[in-house]
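Structure first, commentary second.
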Amino acid sequence: MKNYLFFLISALILFLTACGETKETEVNNADSAGGEQEEEVAETEEVKDVDVKEEIEEVEESETEEAIEETSEEEIAEETVESPDETLSQKNAVDMAENYLSYTAFSKSGLIEQLKYEGFDDDDANYAVNQISVDWQEQAVLMAQNYLDYSNFSRSGLIEQLVYEGFSNEDATYAADEMGL
């Protein structure tokens, strides 16, 4: 990305240099051609100045966006830094837990059970679930929505089902409230 910015800045400098040479040529031609051409040259110069200012603003905006993206990538990298003592099995369990949560909802205990079903031992499954950042209330809401998409539930029935799935009563009640039950 730095090469790209260097290229943009170099192109901008070349453009400005070319504008300066063109400006001198146009001014010389205008002196020999008369007053109407001087007005056209002045208007052309104003348009070029506006174009240059817009290009500079675009470069500055892209630099700002790049800085934001780099910061976000750095923050993500810091959040997912492995513990030096993390085993390969623990890392794989963390990756699988994140993968599962990327496409379906789980309670904390449900995700641990799923990882154990996949062959991870209890310690690795617990380690993985404790390493990832999860909003369990949000997961309860997602699961409640999934249930309501294919079946009808009363408020108490939905809460009961979510508790059965491993959510706390508080998270299940929150999800039912979010569903409007």
Heavy atoms, side chains only, cut-off 4.5 Å: are Tyr127 and Glu86 in contact? yes
Got more than 12 heavy atoms from elsewhere within 6.0 Å of CD, Glu118? yes
Residue list, side chain to side chain contact (heavy atoms under 4.5 Å, CB included) with Asn169, at least two apart or on another chain: Ile159, Val163, Thr173
Pair up each side-chain donor or acceptor in residues 174-181 with any protein partner under 3.5 Å, not counting sequence neighbours, and list the distances.
from	atom 1	to	atom 2	distance (Å)
Asp177	OD1	Arg155	NH1	2.8
Asp177	OD1	Arg155	NH2	2.8

How about Ile132 and Leu111: do any of their side-chain heavy atoms sit closer than 4.5 Å? yes
Counterpart residues, salt bridge (Lys or Arg N to Asp or Glu O under 4.0 Å), relative to Asp122 (two or more places apart): Lys116
Above 12 or not: heavy atoms from other molecules or residues under 6.0 Å from CD of Gln161? yes
Give every donor-acceptor pair under 3.5 Å between a side-chain atom in residues 137-145 and any protein atom, sequence neighbours left out.
from	atom 1	to	atom 2	distance (Å)
Gln139	OE1	Phe106	N	3.0
Gln145	NE2	Asp149	OD1	2.7

Tyr103 with Val94, same ILVMFWY side-chain cluster at under 4.5 Å: yes
Asp95 vs Asn99, side chain to side chain contact (heavy atoms under 4.5 Å, CB included): CA-CA, chis, key distance, verdict: CA-CA 6 Å; Asp95 291 345; Asn99 185 39; over 6 Å; no
Rounded at 0.5 Å granularity, tell me how far CD in Gln131 sits from CD in Glu98. 9.5 Å
Nearest heavy-atom approach of Gly110 to Ser107 is N-OG, 2.9 Å
Mind checking whether Phe167 and Leu101 sit in one hydrophobic cluster, side chains of I, L, V, M, F, W, Y counted as touching below 4.5 Å? no
For residues Asn130 and Lys108, determine if any side-chain heavy atom of one lies less than 4.5 Å from a side-chain heavy atom of the other. yes
Taking Leu115 as the starting point, is it possible to reach Trp136 by hopping between hydrophobic residues whose side chains are less than 4.5 Å apart? yes
Taken in chain and number order and not counting sequence neighbours, the residues that satisfy side chain to side chain contact (heavy atoms under 4.5 Å, CB included) with Ser89 are Thr87, Phe120, Asp124
Set of residues satisfying ring-ring contact (aromatic ring centres under 6.0 Å, His included) with respect to Tyr117, sequence neighbours excluded: none
Just checking Asn152: does its CG atom have more than 12 heavy atoms from other residues, nucleotides or ligands closer to it than 6.0 angstrom? no
Could you tell me whether the side chain of Leu162 reaches within less than 4.5 Å of the side chain of Asp171, counting heavy atoms only? no
